[in-house]
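Reviewing the structure listed below.
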Amino acid sequence: MNTVDAYLDEMFNGLADTGSNGRRTLAETEDHLRAAVADGIARGLPEERAEREAVARFGPPGAVTGPVRRAEQSARLVAAGTRLRGQLPNALSGAWLLAGLWLVLLGASYGVGGLGLAVVHRAHPRPPCVSCSDAGQIVHERGVAAGVFLALGLLLLAVRWLAVRQTRFAPAPRSWPMVAAAAFVLIAAANVIGWPELADGLLAERGSGVEQDFVTAGVALGSAIPLAVWGLVRRRRRQP
Amino acid sequence: MDLRGHLDVLLLGTLDQIGPAHGYALIIGLREQSDGAFDLPEGSVYPALHRLERGGFVASEWSTDAPRRRRIYRLTSQGREALSTKRAEWRIFAAGMQSVIGRRAMEGLA
């Protein structure tokens, strides 16, 4: 193998995974070296010496491949950033929707929990748990929590709906029902395996009872199933 | 001579002088115009040309006139403007250097 071909092989290895920029650089390098060798031969140099001189003047392959690799990496970073910037409004929109749904879910679960406690208390009037003595107060607190969470959730959803409709705010990503279903399954799991303080807030400390966590988990799971089905149907519709 | 930081403007200037050219012709032109003072590693010219093209200062296309495919570079209007700005800056810089260093050098000679 002659000097120029060996040099081009080394450069080819250094330009691996640099795409069209790498191919272009390699083509330009080959053209440059062949022209330089032809000039050397025209000046009366033997071919082997003309090749050695052309390669020496061109410089080490790393001096060319390094900048090409760095340029390719920055181009990829810029492209990834552009993609991310394009998807960010949709992700924000989806997160907004999810937050509204979560609050509605919490409100619904406190409503169900409070209603259940009221029915049980009416049928069997006794303290609902060891540390709680006033079931009526707990029912009242759950009712208040249900109202607050439902109102906040519905407000969030309504404002988002208006924003999407009036200001053309980005719609949620198409995959959001599946993401919401997964989030609700996680919420259900967290409530069952011990996340009562975070999930229930102050109400857990004030004696809303462990059964409220199971009610929340049940409502979350019950919401996750239709969301997942909806997501699957949307995905199937998209496929040709 | 260390050309770091000056290569881009030298390439723009050479392209302006010799007109559209491929990389090898640009290097020969740069060497001849500088009377051999700017004898840089030739491979370093290509990343610089690609960088200038990404910045919109030069444009290029493959030429099929030669036996081998060659990438021909030419100045864009943005490149011409940048070169004009750099020339103005250089004149101010060179005049300042001349008044400080050049005068002392002349005094040393006298």
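Keep in mind that this is a model prediction, so the values were computed, not measured. Just so we're on the same page: letters track the sequence lines, and every chain starts at 1.
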Task: Part of A:A36 within contact of chain B (heavy atom distance under 4.5 Å) - done: both
Task: pair A:E28-B:L49: side-chain heavy atoms closer than 4.5 Å - done: no
Open item on the list: Under 4.5 Å from any heavy atom of chain B, what part of A:R70 do you find: side chain, backbone, both or neither?
Closed with: neither
Open item on the list: Quick one, B:H50 and A:N21 - any side-chain contact, counting heavy atoms below 4.5 Å?
Closed with: no
TODO: Using heavy atoms and a sub-4.5 Å threshold, report which of residues 52-61 of chain B line up against chain A, by residue number.
DONE: B:E53, B:R54, B:S60
TODO: For residues A:A63 and B:P47, report the shortest heavy-atom separation together with the two atoms involved.
DONE: O-CG, 4.3 Å
Open item on the list: More than 12 heavy atoms of other residues, nucleotides or ligands under 6.0 Å from CH2 of B:W62: yes or no?
Closed with: yes
Open item on the list: Let me confirm one number: the OH-CG distance from B:Y24 to A:D31, rounded to the nearest 0.5 Å.
Closed with: 10.0 Å
TODO: Would you indicate whether A:F169, at its atom CZ, is surrounded by more than 12 heavy atoms from other residues, nucleotides or ligands within a distance under 6.0 Å?
DONE: yes
